[in-house]
Peer 1: 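Handing you a structure now.
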Amino acid sequence: ATDVPNIKLLWVDGSDLTNYFENGEIDRLYLNFSDPWPKKRHEKRRLTYKSFLDTFKRILPDHGEIHFKTDNRGLFEYSLVSFSQYGMKLNGVWLDLHASDFEDNVMTEYEQKFANKGQVIYRVEAAFKSKINNEKGHAVFFDFQGNSLNNEVVNDISSNKMVLRTLLKTIHEYKNSSSITRSEER
């Protein structure tokens, strides 16, 4: 990474990112297979908790993006709700990344490990809204075979609770009908 001037690799607490980056300095943040902290009392440690989203919003510009991947369905559902409640725009949601036609995936070591076990990999791309205007959101949802479920402009997707409820219901139905087991708690 020393030969690439626009990459920083840091091993620090996520809440300290403002000590390393100026406001609006980075365009995109990747959260790949972070610890799900499954117990309710650990909710504040999840990287998609509102205090972390506050930090990320500071270091990302208007419309800055978070690309999030996980094998943990509970963390994925929690993150969708968290992004929505924070007022973020969901640009894309993949309920089974590897069964989709998504082409730009960079496979991580954890992702390979979980995929080899037959576990579903979930992905969401979310963006912070402009601080100036309240624009309409465009979201694309993909089913478990990678087919687009919708491809239309939705008025303010983050506040459209019907879309979010439908998405969470779809995940729940898939979990109950699938032979794929839930991710082991780490």
Side-chain angles (χ1 to χ4, degrees), residues 13-15 17-18 21 23-24 26-40 42-97 100 102 104-106 108 110-111 120-144 148-172 174-175 183:
D13 188 306
S15 62
L17 289 176
T18 55
F21 296 103
N23 289 350
I26 61 173
D27 293 323
R28 184 177 297 146
L29 183 65
Y30 292 91
L31 300 177
N32 294 325
F33 301 92
S34 49
D35 192 326
W37 294 102
K39 294 179 182 173
K40 179 68 176 165
H42 295 143
E43 178 182 19
K44 291 181 180 183
R45 297 179 183 178
R46 296 176 192 151
L47 293 180
T48 54
Y49 184 70
K50 60 187 171 188
S51 62
F52 284 106
L53 295 179
D54 287 339
T55 300
F56 302 154
K57 186 173 185 174
R58 288 181 59 195
I59 63 173
L60 290 164
D62 280 353
H63 307 291
E65 297 179 339
I66 295 176
H67 290 198
F68 177 78
K69 287 195 294 188
T70 184
D71 64 302
N72 186 287
R73 186 186 60 84
L75 178 61
F76 184 71
E77 290 177 1
Y78 173 87
S79 299
L80 289 174
V81 171
S82 185
F83 293 151
S84 178
Q85 288 177 343
Y86 199 85
M88 296 179 73
K89 182 172 63 169
L90 303 178
N91 292 328
V93 178
W94 290 263
L95 302 178
D96 188 343
L97 180 63
S100 75
F102 185 79
D104 295 329
N105 188 42
V106 176
T108 69
Y110 278 112
E111 184 173 356
V120 172
I121 305 300
Y122 304 97
R123 178 184 170 94
V124 62
E125 293 178 3
F128 290 99
K129 290 185 178 180
S130 171
K131 297 168 190 133
I132 299 169
N133 64 21
N134 188 8
E135 76 270 354
K136 293 181 180 189
H138 179 79
V140 180
F141 298 94
F142 297 91
D143 68 10
F144 298 98
S148 177
L149 296 176
N150 75 330
N151 194 13
E152 64 216 40
V153 175
V154 178
N155 288 332
D156 195 6
I157 184 75
S158 62
S159 66
N160 189 335
K161 299 204 179 351
M162 179 59 95
V163 172
L164 189 57
R165 277 195 300 267
T166 301
L167 183 59
L168 294 175
K169 181 180 175 203
T170 302
I171 293 169
H172 179 73
Y174 180 73
K175 175 200 161 258
S183 303

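Note: hydrogens, waters and symmetry copies are ignored here, and every other heavy atom, side chains too, is used. Only a predicted model underlies this, so the values are computations on that prediction, with no experimental measurement involved.
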Peer 1: Please report the interatomic distance OG(Ser82) to CZ(Phe68), rounded to the nearest 0.5 Å.
Peer 2: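 Answer rounded to 0.5 Å: 9.5 Å.
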
Peer 1: When you compare the side chain of Leu95 with that of Val120, does any pair of heavy atoms fall below 4.5 Å?
Peer 2: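 They are not in side-chain contact.
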
Peer 1: Compare every heavy atom of Thr55 with every heavy atom of Gly14, then report the nearest pair and how far apart it is.
Peer 2: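 So the two residues come closest at O-CG2, 3.8 Å.
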
Peer 1: Tell me, please, which residues at least two apart from Lys39 pass salt bridge (Lys or Arg N to Asp or Glu O under 4.0 Å).
Peer 2: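 Lys39: no salt bridge (Lys or Arg N to Asp or Glu O under 4.0 Å) contacts found.
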
Peer 1: Kindly write out the residues that satisfy side chain to side chain contact (heavy atoms under 4.5 Å, CB included) with Ser51, not counting sequence neighbours, or none if the list is empty.
Peer 2: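 Scan of Ser51 (side chain to side chain contact (heavy atoms under 4.5 Å, CB included), adjacent residues dropped) gives Tyr49.
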
Peer 1: Side chains of Asp54 and Tyr86 only: does a donor on one sit below 3.5 Å from an acceptor on the other?
Peer 2: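 Yes.
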
Peer 1: About how many Å separate NE2 of His42 and CH2 of Trp37, when rounded to the nearest 0.5 Å?
Peer 2: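 Between atom CH2 of Trp37 and atom NE2 of His42 there are 6.0 Å.
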
Peer 1: Is the NZ or CZ atom of Arg46 positioned over Tyr78's six-membered ring, under 6.0 angstrom from the centre and within 45° of the axis?
Peer 2: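 So Arg46 does make the cation-pi contact.
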
Peer 1: Considering only heavy atoms from C-beta outward, does the side chain of Tyr110 approach that of Asp71 to under 4.5 Å?
Peer 2: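 Sidechains of Asp71 and Tyr110: no contact.
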
Peer 1: Do Tyr122 and Leu75 have side chains that get closer than 4.5 Å, going by heavy atoms?
Peer 2: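 No, their side chains stay 4.5 Å or more apart.
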
Peer 1: Looking at residues at least two apart in the chain, or sitting in another chain, which of them share a side chain to side chain contact (heavy atoms under 4.5 Å, CB included) with Asn32?
Peer 2: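 For Asn32 the side chain to side chain contact (heavy atoms under 4.5 Å, CB included) partners, ignoring immediate neighbours, are Tyr30, Lys69, Thr108.
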
Peer 1: Are side-chain heavy atoms of Glu77 and Val81 found at a separation under 4.5 Å?
Peer 2: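 Glu77 does not reach Val81 side chain to side chain.
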
Peer 1: With side chains defined as the heavy atoms from C-beta onward, is the minimum distance between Ile66 and Leu53 less than 4.5 Å?
Peer 2: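 Touching, per the 4.5 Å side-chain cut-off.
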
Peer 1: Taking Ser100 for the side chain and Leu97 for the main chain, is one N or O donor matched with an acceptor at less than 3.5 Å?
Peer 2: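 Yes; at least one donor-acceptor contact below 3.5 Å.
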
Peer 1: Assess the residue pair Ile121 and Phe33 against the criterion (side-chain contact (heavy atoms from CB on, under 4.5 Å)); give the C-alpha distance rounded to whole Å, side-chain angles, the decisive distance to 0.1 Å, and a yes or no.
Peer 2: CA-CA 9 Å; Ile121 305 300; Phe33 301 92; 3.8 Å; yes

Peer 1: Residues in side chain to side chain donor-acceptor pair (under 3.5 Å) with Arg123, at least two apart?
Peer 2: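 Arg123: side chain to side chain donor-acceptor pair (under 3.5 Å) contacts with His67, Glu125.
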
Peer 1: Please find the pair of heavy atoms, one from Phe83 and one from Ala126, that lie closest to each other, and give the distance.
Peer 2: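 It is CD1-CB, 3.9 Å.
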
Peer 1: Would Asn72 and Thr70 satisfy side-chain hydrogen bond (donor to acceptor under 3.5 Å, both in side chains), going step by step from the backbone distance to the final call?
Peer 2: CA-CA 5 Å; Asn72 186 287; Thr70 184; 5.4 Å; no

Peer 1: My understanding is that only residues two or more places apart in sequence, or in another chain, count here; which of them pass salt bridge (Lys or Arg N to Asp or Glu O under 4.0 Å) with Arg28?
Peer 2: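 Applying salt bridge (Lys or Arg N to Asp or Glu O under 4.0 Å) to Arg28 gives Glu65.
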
Peer 1: With rounding to the nearest 0.5 Å, note down the distance linking OG in Ser79 to CE in Met88.
Peer 2: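 Here the rounded value is 10.5 Å.
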
Peer 1: Working to the nearest 0.5 Å, report the span between CZ of Arg58 and CG of Asn23.
Peer 2: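 The distance works out to 5.5 Å.
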
Peer 1: Say you draw a straight line from CZ of Phe56 to CZ of Phe21; how long is it, rounded to the nearest 0.5 Å?
Peer 2: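 CZ of Phe21 is found 11.0 Å from CZ of Phe56.
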
Peer 1: Rounded to the nearest 0.5 Å, how far does NZ of Lys57 lie from NZ of Lys129?
Peer 2: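 Those atoms lie 10.0 Å apart.
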
Peer 1: I'd like to check the side chain to side chain contact (heavy atoms under 4.5 Å, CB included) partners of Asp104; sequence neighbours left out, ordered by chain and number.
Peer 2: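 Asp104 satisfies side chain to side chain contact (heavy atoms under 4.5 Å, CB included) with Phe102 only.
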
Peer 1: Taking Ser84 for the side chain and Leu80 for the main chain, is one N or O donor matched with an acceptor at less than 3.5 Å?
Peer 2: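 No, Ser84 side chain to Leu80 backbone: no donor-acceptor pair under 3.5 Å.
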
Peer 1: Contact between Val124 and Phe76 at the side-chain level, heavy atoms closer than 4.5 Å - yes or no?
Peer 2: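 Touching, per the 4.5 Å side-chain cut-off.
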
